[in-house]
Amino acid sequence: MSQSFYITTPIYYVNAEPHLGHAYSTIVCDAAARFHRLLGDEVRFQTGTDEHGDKIAEAAAKQGIAPQAYADRVSGLFRATWPPLAIAHDNFIRTTDPAHIATVRLILQKIFDAGDIYLGKYGGNYCVGCERFLTDKELIDGKCPDHDRPTQFIEEENYFFRMGSYQQALIEHIERHPDFIRPERYRNEVLSFLKEPLEDLCISRPTSRLTWGIELPFDPRFVTYVWFDALINYLTGLGYPDDPLMAKFWPATQHLIAKDILKPHGIYWPTMLMALAKADNKPLDAYLYQHLNVHGYWKTGAGKMSKSLGNVVAPLELAKVYGADAFRYFLLRDMAFGLDASFSEEALVERYNADLANDLGNLFSRVLNMLYQYRGGVVPAAEFPQPDCQELLDLGRQAVQGYSQQMQGFHFHLALSEVWQLIGEANRFVVRAEPWVLAKDPAQQKRLDAVLCALVQVLGLVTVLIEPVMPGTSLAMAGHLGLELPELIGLARLESADLVAAGTTLGKPPALFPRIDTAKVKAKAEKAEAKAALPAETPSPKEKKPMAKEAAAPPAQIEYDEFAKVDLKLGTVRAAEKVKGADRLLKLSIDLGEEDGPRTVVAGIAQHYAPEELLGRQVVVVANLKPVTLKGVESRGMVLAAVGDDKVRVLSPDTLLPPGSKVR
Ligand code: MSP
């Protein structure tokens, strides 16, 4: 029976450009949407951008442009990122859309009229990064633990939402619907949060402090708090209150987020929805979403991905090199949904070679090549029952069921593992059945027909099953197998009929996933690493010195102002050690006379200095270089060295000076 399915990504802040984390959430939603289309469901998939609030106003001001112009640019970047990653959303929403602004104001007015919003006074520790007041318990050493910066104490008049009065109803709903928030660890996290009394939520900001927001309909001296504004996007996208899309899709709502925004989605949002239901004279749970699906974090190197740490992975670059499908497959296969995972290009290539080039690519090309060679590409009918062929087909049908269950539960890595087990079985079946031996024996021709037919049918199943995760590959395979579009075939048909009709003529197969040379990828990673840690320009002893005529052009002249941007300081090396797993890197602890102690700087000089030679030495450090993470160590600066012939020597003053002295 056809059902509805509405899936949403978080709407992304426009203060950062799209990175791997955003791509993951959006790809997950796309795969879930495609899977539900295969089930025959009516699907709506929404993503978009979150554009109001302090953070965005701050970012725009830094670039010296108006917030709207700034938001237009970055929102455009998000919008342009999705199609090359084969993401096919039905709606892209922006919180600056007039329709959204109208919906937010309508909902605020309704909840205000129903008595759940009131004017009050509030004093608290405000974090600009989180755009919210933090409780005393959340602070560590007076700082916001997520943004590592001190909060500001602010006291002002503001409007409050009576969130606390829905606490008990929310607890009861979660207890009655065990998979309201899933996986379970996040449900437990929300329940444990709800053990403490829930305070009312401050939902306004005075225009004296912030104007970049939606004006409250009942008091123009205030704009709406960004979370109250942003969460409503999920309703705006369906045309709340009257659009027919609401009736069709809202009861089937599934939100997808990462663990960082569990509290707004697990607590603020359902209580807001209960208040809205009350204002609309409906039962409290009338508008509650069906599931909140929460995933973990992708980490690169040591920690969280963030622009300031310089470890952001650009999704489009990876998709350009490896193809959108391989990139999508890696992300969904390597992260157990709900848990954190670490990203590296080497791991991606390993997966590519093992699962895509070896397993899937190999099965596809060997089966179709044999069909071409032994049967002129014509798919034979299997006339006589062959138990092993039947067994393979039964495994295929079981894989369809297992896969479907796992996909429904958002266990993408397990769903893919079901498909790859089938691919593995099929490859082993080829080895056991030895079609090349059968081909030579006139008495075995019917058996060869059955073997080839079973294998082609398995390829048909796989073609449809991989569509949600690898739509391009699925389409290419379908084309070669003479199938309809996989999304038109759907999952139901896989349970009964053979997909590839006997008598169809198939061509010689293309190579789906040519193997990638892992040595090259490793060398590239090492090169990037060495480049990030000076002195990268050191020619390795094996490299030829350039001939005079090959010499690079001299660097362009620069103004003094440009040079003055580089903050050069003298620092004393307090500790030094080799970085594990990197021949060229030393981890230095350098005292720059800063209050918070010595900094860690990674330098590419391990082949020129033993760690102990540097202890106590004063060196010149570029102190305002953006941090980077090298082999899991965060480096906050760069040590200057002179590079001559094959020697590399760090620069030091001829007499000791106070750490932190300016170098000019
Ligand atoms: N604007 C809010 C969301 C409002 S929704 C009503 C916001 N935006 S965000 O740009 O910071 O995006 C956060 C989301 O991006 C995460 O919840 C997750 O979906 C995705 N990710 C960002 N970094 C990530 C990783 N490193 N790993 C996995 N996903 C991450 O919060």
Side-chain angles (χ1 to χ4, degrees), residues 3-12 21-22 24-33 35-36 41 43-48 50 89 93 132 161 163 166-195 198 201 227-238 240 246 249-277 284-297 332 335-340 406-412:
Q3 294 184 347
S4 300
F5 181 75
Y6 176 41
I7 183 128
T8 64
T9 72
I11 48 169
Y12 305 113
H22 307 124
Y24 174 73
S25 301
T26 316
I27 288 170
V28 163
C29 287
D30 185 70
F35 167 71
H36 279 268
D41 291 347
V43 173
R44 189 168 170 90
F45 161 26
Q46 174 167 300
T47 185
D50 188 355
H89 46 271
I93 193 163
R132 64 182 181 93
F161 163 53
M163 188 158 76
Y166 294 95
Q167 175 165 12
Q168 198 46 40
L170 178 57
I171 295 174
E172 283 164 20
H173 186 81
I174 297 177
E175 280 170 352
R176 275 201 309 272
H177 300 84
D179 58 359
F180 181 60
I181 298 171
R182 61 189 187 183
E184 201 183 353
R185 52 171 41 215
Y186 298 112
R187 166 186 189 260
N188 294 341
E189 210 173 288
V190 168
L191 280 176
S192 99
F193 198 85
L194 288 169
K195 282 196 181 121
L198 196 56
L201 182 68
W227 272 107
F228 204 94
D229 159 354
L231 288 161
I232 288 174
N233 90 83
Y234 302 131
L235 282 171
T236 309
L238 295 185
Y240 172 87
M246 268 303 288
F249 287 111
W250 189 256
T253 299
Q254 303 237 10
H255 297 308
L256 176 121
I257 57 165
K259 61 185 186 180
D260 56 333
I261 49 177
L262 178 61
K263 195 169 162 190
H265 283 82
I267 295 178
Y268 302 176
W269 185 223
T271 53
M272 284 165 67
L273 288 168
M274 287 196 257
L276 185 61
L284 278 194
D285 62 357
Y287 293 146
L288 290 180
Y289 51 75
Q290 202 182 351
H291 297 296
L292 177 64
N293 304 285
V294 188
H295 65 76
Y297 246 61
L332 293 193
M335 178 179 262
F337 191 86
L339 303 179
D340 290 348
Q406 301 293 8
M407 288 293 284
Q408 303 254 26
F410 279 64
H411 305 298
F412 304 97

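FYI, the numbering just counts along the sequence from 1. From a predicted model like this one, the values you see are computed outputs, not experimental measurements.
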Nearest atoms (heavy-atom pairs only) where Gly296 meets Ala258: O-CB, 4.0 Å
Geometric class of the Tyr240/Tyr287 ring pair [parallel <30°, tilted 30-60°, perpendicular >60°]: perpendicular
Sub-4.5 Å side-chain heavy-atom contact between Asp285 and Met274: no
Identified side-chain contact (heavy atoms from CB on, under 4.5 Å) counterpart of Trp269 within the set Phe228, Trp227, Tyr234: Tyr234
Ile171 and Lys195, any side-chain heavy atoms less than 4.5 Å apart: no
Over all atoms of both residues, closest heavy-atom pair of Cys29 and Thr9: SG-CG2, 3.6 Å
Member of Val294, Val28, Leu332 meeting the side-chain contact (heavy atoms from CB on, under 4.5 Å) criterion with Phe337: Val28
Derivation of the side-chain contact (heavy atoms from CB on, under 4.5 Å) call for Leu238 and Gln46: CA-CA 10 Å; Leu238 295 185; Gln46 174 167 300; 5.6 Å; no
Asp50 side chain to Ala230 backbone, donor-acceptor under 3.5 Å: no
Point-to-point distance, once rounded to the nearest 0.5 Å, from CD1 of Ile11 to CG of Asn233: 4.0 Å
Gap between atom OG1 of Thr253 and atom CG of Leu288 - 0.5 Å precision: 10.5 Å
Flag side-chain contact, heavy atom, 4.5 Å: Tyr268 against Leu231: yes
Leu262 vs Phe193 side-chain heavy atoms within contact, under 4.5 Å: no
Closest approach of Ala32 to Ile7 (non-hydrogen atoms, all atoms of both residues): CB-CD1, 4.1 Å
Worked check of side chain to side chain donor-acceptor pair (under 3.5 Å) between Asp260 and Tyr297: CA-CA 8 Å; Asp260 56 333; Tyr297 246 61; 3.0 Å; yes
Residue pair Leu339, Arg185: steps toward the side-chain contact (heavy atoms from CB on, under 4.5 Å) verdict: CA-CA 10 Å; Leu339 303 179; Arg185 52 171 41 215; 3.3 Å; yes
Criterion side chain to side chain donor-acceptor pair (under 3.5 Å) on Thr47 and His89, from CA distance to verdict: CA-CA 7 Å; Thr47 185; His89 46 271; over 6 Å; no
Interatomic spacing from OH in Tyr166 to CG in Leu201 - rounded to 0.5 Å: 13.0 Å
Sub-4.5 Å side-chain heavy-atom contact between Phe412 and Met335: no
Over all atoms of both residues, closest heavy-atom pair of Ile181 and Arg187: O-CB, 3.3 Å
Pro10 side chain near Ile261 side chain, heavy-atom distance below 4.5 Å: yes
Heavy-atom closest contact (Met272 atom, Ile232 atom, distance): CE-CG1, 3.9 Å
Contact check, side chains of Gln408 and His36, non-hydrogen atoms, under 4.5 Å: yes
Nearest-0.5 Å distance that lies between atom CD in Glu175 and atom CG in Leu194: 9.5 Å
Aromatic centroids of Phe5 and Phe45 separated by under 6.0 Å: no
Atom pair NE2 (His173) and CG (Leu273), whose distance is rounded to the nearest 0.5 Å: 10.0 Å
Separation between CD1 of Ile174 and CG of Leu191, rounded to the nearest 0.5 Å: 5.0 Å
Heavy-atom side-chain contact between Arg182 and Gln254 under 4.5 Å: yes
Contact summary for Ala169 and Leu284, nearest pair of heavy atoms: CB-CD1, 4.0 Å
Worked verdict on Ser25 versus Ile257 for side-chain contact (heavy atoms from CB on, under 4.5 Å): CA-CA 7 Å; Ser25 301; Ile257 57 165; over 6 Å; no
Working for side-chain contact (heavy atoms from CB on, under 4.5 Å), residues His295 and Tyr24: CA-CA 10 Å; His295 65 76; Tyr24 174 73; 3.5 Å; yes
Test item: Asp41 side-chain N/O and Gln3 main-chain N/O as donor-acceptor pair under 3.5 Å: yes
